[in-house]
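Accompanying notes for the structure given below.
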Amino acid sequence: MGVGRQLGVAALTTAGAVFLSSLGVANAQVVTAAAPAAAVKAAAPAFVSPGQTLRLGAKGSAVKTLQTRLKELGYQPGTLDGQYGGTTLTALWAFQKVNGISPTSTVTRRTWNALEAPRAPKVLVPNGKPTRVEVNLTQQVMVLYVDGQVKLISHTSSGSGIPYCETATWQGKTQKFCGSARTPTGDFKTTWRRSGWHKSYLGQLYNPIFFNGGIAFHGALSVPLAPASHGCVRLPMHVAAILPGLLGTGVPVHVRGKFVR
């Protein structure tokens with residue numbers, strides 16, 4: 001830039017400052033060039049864990065920090081109340097499984113470290129629809145994607161793989177029902193659903209959303225770490241309570257993997 005042009009810019013800058021000062025703007029500053037976006041936008045603060053060992057039943061700010069972080073990452077710990085109960089535990093299990101940590105109720109340094117630098121869930125169908133559900137039978141985890149973004153990650157318990165034969169009263173008759181207790185892999189779509197408790201010939205399902213014949217996502221009072229259902233994908237009750245509001249009809253469902261006991 002030539003000397004004359006430099007003086008011209010300086011004059012304009014000074015004039016601008018004087019004009020603002022005349023309007024009563026204290027400590028007026030004039031920006032002569034746009035600052036880089038990186039300099040203007042404040043960086044999001046990194047998550048720093050409290051590092052405190054937590055066990056089921058714990059209470060306090062460290063528990064609330066855990067709950068808040070899990071929710072930020074797409075897991076559902078229930079109410080952010082600072083009380084470490086069953087809803088927080090199932091969210092923790094899902095997080096630990098996604099991050100290669102053997103699920104446990106105790107939050108140690110390893111889990112806190114993972115919360116500081118979390119892994120994304122493994123994508124099972126890279127070319128899948130932006131809105132879809134992926135069920136990882138190997139990890140026993142369900143991931144709901146909405147518009148290409150992770151919306152919900154949940155612990156699940158799928159079919160036990162242990163053949164069964166059970167007698168139940170169905171449609172006014174005593175009948176015997178047998179099956180393989182498998183959750184088949186493949187590509188499906190969500191179909192019909194029911195609100196609240198729905199009675200099937202193999203038990204009670206909470207807020208079921210069916211995607212493969214009689215196989216559904218549904219809430220259950222028991223969602224253990226190992227597969228335990230007749231073939232459905234069991235979800236924690238608090239997850240099943242909100243899933244119908246997030247998952248529509250006709251949404252692709254991809255089931256992959258195999259659980260190894």
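None of the values given here were measured: they were computed from a predicted structure.
- Closest heavy-atom contact between Ala114 and Ile101: CB-CD1, 4.0 Å.
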Inset, instruction - Show your reasoning for whether salt bridge (charged side-chain N to carboxylate O under 4.0 Å, His left out) applies to Arg256 and Asp187. - result: CA-CA 9 Å; Arg256 301 286 190 273; Asp187 303 308; 2.8 Å; yes
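- Residues Leu235 and Ile242 share a hydrophobic cluster, clusters being chains of Ile/Leu/Val/Met/Phe/Trp/Tyr side chains in contact below 4.5 Å.
- Between Ser154 and Pro236 the shortest heavy-atom distance is OG-CD, 3.6 Å.
- You'll find the side chain of Gln76 reaches within 4.5 Å of the side chain of His238, heavy atoms only.
- Rounding to the nearest 0.5 angstrom, the gap separating the CG atom in Leu144 from the CD atom in Gln149 is 12.0 Å.
- Residue Leu243 is not grouped with residue Leu205 when hydrophobic side chains (ILVMFWY) are merged at heavy-atom distances under 4.5 angstrom, including chains of intermediate members.
- Two residues are said to be in side-chain contact when any heavy atoms from C-beta on lie closer than 4.5 Å; Pro163 and Cys178 fail this criterion.
- Expressed to the nearest 0.5 Å, how far CH2 of Trp93 lies from OG of Ser102 amounts to 13.0 Å.
- Judged by distance alone, with hydrogens and angles left aside, the side-chain atoms of Gln67 form a donor-acceptor pair with the main-chain N or O of Asp81 at under 3.5 Å.
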Legend entry - Steps toward side chain to side chain contact (heavy atoms under 4.5 Å, CB included) verdict (Thr183, Val255): CA-CA 8 Å; Thr183 303; Val255 183; 4.3 Å; yes
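- Note: the hydrophobic cluster containing Leu80 does not contain Leu70 (ILVMFWY, side chain heavy atoms under 4.5 Å, direct or indirect links).
- Considering NE2 of His155 and CG of Leu89, their distance stands at 8.0 Å, rounded to 0.5 Å.
- Here the straight-line distance linking atom OH of Tyr145 with atom NZ of Lys151 works out to 14.5 Å at 0.5 Å rounding.
- In terms of heavy-atom proximity, Leu56 sits nearest to Gly85 at CD1-O, 3.8 Å.
- Contact of the Val125 side chain with the Glu134 side chain is registered, since non-hydrogen atoms from C-beta on lie closer than 4.5 Å.
- Of all heavy-atom pairs spanning Pro224 and Ala228, the tightest one is CG-CB, 3.7 Å.
- In this structure, the side chain of Ser157 does not engage the main chain of Val223 through any donor-acceptor pair within 3.5 Å.
- Under a 3.5 Å cut-off, the side chain of Ser158 and the backbone N or O of Leu137 do not form any donor-acceptor pair.
- Atom CZ of Phe259 is separated from atom OG1 of Thr156 by 9.5 Å, given to the nearest 0.5 angstrom.
- You'll find the side chain of Met237 reaches within 4.5 Å of the side chain of Leu221, heavy atoms only.
- Residues Leu115 and Pro118 have side chains not in contact (no heavy-atom distance under 4.5 Å, counting atoms from C-beta outward).
- By the 4.5 Å heavy-atom criterion applied to side chains, Thr87 and Thr79 are not counted as neighbours.
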Inset, instruction - Dump the intermediate steps for side chain to side chain contact (heavy atoms under 4.5 Å, CB included) on Leu152 and Tyr75, then the final yes or no. - result: CA-CA 6 Å; Leu152 171 67; Tyr75 302 86; over 6 Å; no
Inset, instruction - List the steps, then state whether side chain to side chain contact (heavy atoms under 4.5 Å, CB included) holds for Arg55 with Tyr84. - result: CA-CA 8 Å; Arg55 292 179 174 81; Tyr84 184 6; 5.5 Å; no
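- When the side chains of ILVMFWY residues are joined at heavy-atom separations under 4.5 Å, either directly or via intervening members, Leu73 and Val150 end up in a single hydrophobic cluster.
- By the criterion of side-chain heavy atoms lying less than 4.5 angstrom apart, applied directly or through intervening Ile, Leu, Val, Met, Phe, Trp or Tyr residues, Phe211 is grouped together with Val133 in one hydrophobic cluster.
- When atom types are taken as modelled, the side chain of Asn207 and the backbone of His218 share no donor-acceptor pair closer than 3.5 angstrom.
- Using cut-offs of 30° and 60° on the angle between ring planes, the pair Phe177 and Tyr201 is parallel.
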Legend entry - Residues Thr53, Arg109; criterion side chain to side chain donor-acceptor pair (under 3.5 Å); working and verdict: CA-CA 7 Å; Thr53 298; Arg109 183 72 255 179; over 6 Å; no
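- The aromatic rings of Trp192 and Phe210 lie parallel to each other, their planes meeting at an angle below 30°, with 60° marking the opposite boundary.
- Gly248 and Thr190 make their closest contact through O-OG1, 2.7 Å (heavy atoms, listed as atom of the first residue, atom of the second, distance).
- Between the side chain of Thr131 and the backbone N or O of Asp147 there is at least one donor-acceptor pair closer than 3.5 Å.
- For the pair Gln96/Thr111, a side-chain contact is recorded, criterion being any heavy-atom separation below 4.5 Å from C-beta on.
- Between Gln140 and Leu225 the shortest side-chain heavy-atom distance does not fall below 4.5 Å.
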Inset, instruction - Under the side chain to side chain contact (heavy atoms under 4.5 Å, CB included) rule, what do Arg69 and Glu116 come out as? Steps first, then yes or no, please. - result: CA-CA 9 Å; Arg69 181 58 169 167; Glu116 290 179 346; 5.8 Å; no
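- Once rounded to the nearest 0.5 Å, the distance linking CG of Asn99 with CZ of Arg110 reads 9.5 Å.
- With Asn136 contributing its side chain and Gln139 its backbone, the two residues share a donor-acceptor pair below 3.5 Å.
- When all heavy atoms of Ser229 and Ala181 are compared, the pair lying nearest together is O-CB, 3.8 Å.
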